[in-house]
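Input: a single structure, listed below in structure tokens.
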Amino acid sequence: MPELPEVETIRLNLHEHLVGDRILKVTLRRADIVCGDPEDFLAAVGGKRVVGTDRRGKAMWLCLEGDIAVAVHLRMSGRLLLVQSSDELPPHTHMLAELSGGRRLIYVDPRRFGRLELLHLGRFDQSVILRNIGPDALSEDLSAQYLQEAAGAHSVGIKQFLLDQSHLAGIGNIYASEILHRVGLHPATPANRVTTEEMQRIIDATREILEAAIGARGTTLGDSQYQTGLGQSGGYQQCLRVYGKAEENCPVPGCDGVIRRSKIAQRSTYFCPVCQARGRGRRAGR
DNA sequence: CGGACAACCTGGTTGC
DNA sequence: TGCAACCAGGTTGTCC
């Protein structure tokens with residue numbers, strides 16, 4: 001499902017192919033996917049030129065002329081696609097924007113968890129989609145000290161902490177398992193017992209994995225509908241080391257562990273019980 | 001306040 | 001074969 005690398009891939013597609021185009025007309029086939037007044041949304045967006053794109057965590061937005069923007073959160077099954085106007089609309093197309101040049105930007109979302117929202121520059125803090133979103137997982141100035149302070153009051157497992165978008169934005173269920181495996185931390189390690197040094201390794205592994213995933217255009221799993229903004233599948237599913245690999249051998253050289261799947265905080269969690277043994281970090285500190 | 005959990009929604013899979 | 005039950009996942013809202 002769309003996490004940071006998938007959203008960033010779509011944003012890059014739209015940045016390359018959409019900036020400079022004018023939105024001629026917008027149609028909402030389901031008004032309830034828009035936060036706020038749908039009439040305001042339609043009136044503000046129609047006729048505007050796209051001047052840029054941006055993203056924080058799993059949220060992205062298209063900057064339009066007139067100091068407004070359209071924010072998008074894909075949640076579970078949302079897709080933002082650039083298609084030809086002559087193409088047949090896929091099922092569950094809830095919004096279509098006619099563009100100059102005979103193309104359309106469409107929003108498709110079978111489960112309808114995702115949302116679109118009209119933003120006003122300088123008033124992003126009032127946005128439903130953007131409020132409560134912490135620093136982006138790829139931001140340059142992210143520090144181990146910050147993460148450790150943020151974790152200070154939290155006794156939940158480190159995996160659940162990483163999924164909390166108010167502390168660190170962009171990591172979802174798939175990449176959380178991959179990151180913790182790379183670091184060698186058990187997903188249930190209490191967040192407030194993770195050392196500064198381990199937090200730094202989490203930051204490094206996050207950058208390494210998310211950037212590689214962006215390079216591969218994201219992860220498209222068998223049961224996932226994820227597509228890039230141009231309708232392609234991602235390629236990072238071939239690089240996953242633990243997610244969806246229950247009962248397979250741990251890919252770490254020399255490790256004889258077998259990947260286990262368990263439910264942590266109601267979510268499927270994959271890890272190697274050998275190289276991510278509980279208490280490993282504390283023992284290493286002696 | 002933190003933390004647990006239901007709710008949102010649909011398509012796909014599993015179980016009977 | 002048919003149909004019900006269950007599951008997946010990101011986030012918000014409610015309750016303790």
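A, B, ... follow the sequence lines: proteins, then strands. Residue 1 opens every chain.
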> If you look only at pairs with a residue in residues 66-79 of chain A, which of them pass as a salt bridge (Lys or Arg N to Asp or Glu O under 4.0 Å), with sequence neighbours excluded?
Replying inline: none
Round to a whole Å and report the spacing from [atom1] of [X] to [atom2] of [N].
X	N	atom1	atom2	result
A:I158	B:dG3	CD1	C1'	16 Å
A:N192	B:dG2	CG	C1'	11 Å
A:Q160	B:dC5	CD	P	10 Å
A:F113	B:dC9	CZ	C1'	4 Å
A:L163	B:dC5	CG	P	16 Å
A:M76	B:dT10	CE	P	14 Å
A:I133	C:dT11	CD1	P	7 Å
A:K263	C:dC7	NZ	P	7 Å

> For DNA chain B, what residues of residues 54-61 of chain A have any heavy atom nearer than 4.0 Å?
Replying inline: none
> By side chain to side chain donor-acceptor pair (under 3.5 Å), which residues pair with A:H15, not counting sequence neighbours?
Replying inline: A:T53
>> Test of understanding: with side chain to side chain donor-acceptor pair (under 3.5 Å), list the residues that count as partners of A:Q200, not counting sequence neighbours.
In response: A:D204
> Between A:K48 and A:E65, is there a salt bridge with N-O shorter than 4.0 Å?
Replying inline: no
>> Taking side-chain hydrogen bond (donor to acceptor under 3.5 Å, both in side chains) as the cut-off, I'd like each qualifying pair that reaches into residues 179-190 of chain A, sequence neighbours left out, listed once.
In response: A:R182-A:E208
> What residue pairs, at least two apart or across chains, pass side-chain hydrogen bond (donor to acceptor under 3.5 Å, both in side chains) with a residue in residues 83-97 of chain A?
Replying inline: none
Scan the side chains in residues 55-62 of chain A for donor-acceptor partners under 3.5 Å anywhere in the protein, sequence neighbours excluded, and list what turns up.
unit_1 : atom_1 : unit_2 : atom_2 : d
A:R55  : NE     : A:E8   : OE1    : 2.6
A:R55  : NH1    : A:G57  : O      : 2.9
A:R55  : NH1    : A:D136 : OD1    : 2.7
A:R55  : NH2    : A:D136 : OD2    : 3.4
A:R56  : NH2    : A:I133 : O      : 3.1
A:K58  : NZ     : A:I171 : O      : 3.3

> Taking only residues two or more places apart in sequence, or in another chain, which ones meet A:R103 in a salt bridge (charged side-chain N to carboxylate O under 4.0 Å, His left out)?
Replying inline: A:D21
>> Using OP1 and OP2 only, check whether a side-chain N or O of A:R112 sits under 4.0 Å from B:dT10.
In response: yes
> Would one find a side-chain N or O of A:Q165 under 4.0 angstrom from OP1 or OP2 of C:dT11?
Replying inline: yes
>> Between A:E3 and A:R131, which residue's closest nucleotide on DNA chain C lies nearer the 5′ terminus?
In response: A:E3
>> Could you go through A:I174 and A:Y236, starting from their C-alpha distance and side-chain angles, then the distance that decides it, and tell me whether this counts as side-chain contact (heavy atoms from CB on, under 4.5 Å)?
In response: CA-CA 11 Å; A:I174 295 173; A:Y236 196 74; over 6 Å; no
Atom pairs and distances, side-chain donor-acceptor, residues 245-260 of chain A, under 3.5 Å, sequence neighbours left out:
none

Just the atom pairs and distances: protein N or O near nucleotides 11-15 of chain B's N or O, under 3.5 Å.
unit_1 : atom_1 : unit_2 : atom_2 : d
B:dG11 : OP1    : A:H92  : NE2    : 2.9

> Considering only side-chain heavy atoms of A:H73, which listed nucleotide, B:dG3, B:dC5, C:dT11, is closest?
Replying inline: C:dT11
> Hey, does A:S77 reach any base, or is it just sugar-phosphate, or nothing, if we go heavy atoms under 4.0 Å?
Replying inline: nothing
> Out of curiosity, does A:I179 fall in the hydrophobic cluster containing A:L240 (side-chain heavy atoms, cut-off under 4.5 Å, transitive links)?
Replying inline: yes
Acceptor/donor pairs from residues 148-159 of chain A side chains to any protein atom, 3.5 angstrom cut, sequence neighbours excluded:
unit_1 : atom_1 : unit_2 : atom_2 : d
A:Q148 : OE1    : A:T196 : OG1    : 2.4
A:Q148 : NE2    : A:V194 : O      : 3.3
A:Q148 : NE2    : A:T196 : OG1    : 3.4
A:H154 : NE2    : A:H167 : NE2    : 3.3
A:K159 : NZ     : A:N173 : OD1    : 2.5
A:K159 : NZ     : A:S268 : O      : 3.4
A:K159 : NZ     : A:T269 : OG1    : 2.9

> List DNA chain C stems (3 or more consecutive Watson-Crick/G-U pairs, under 3.5 Å)?
Replying inline: B:2-8 with C:10-16, B:10-16 with C:2-8
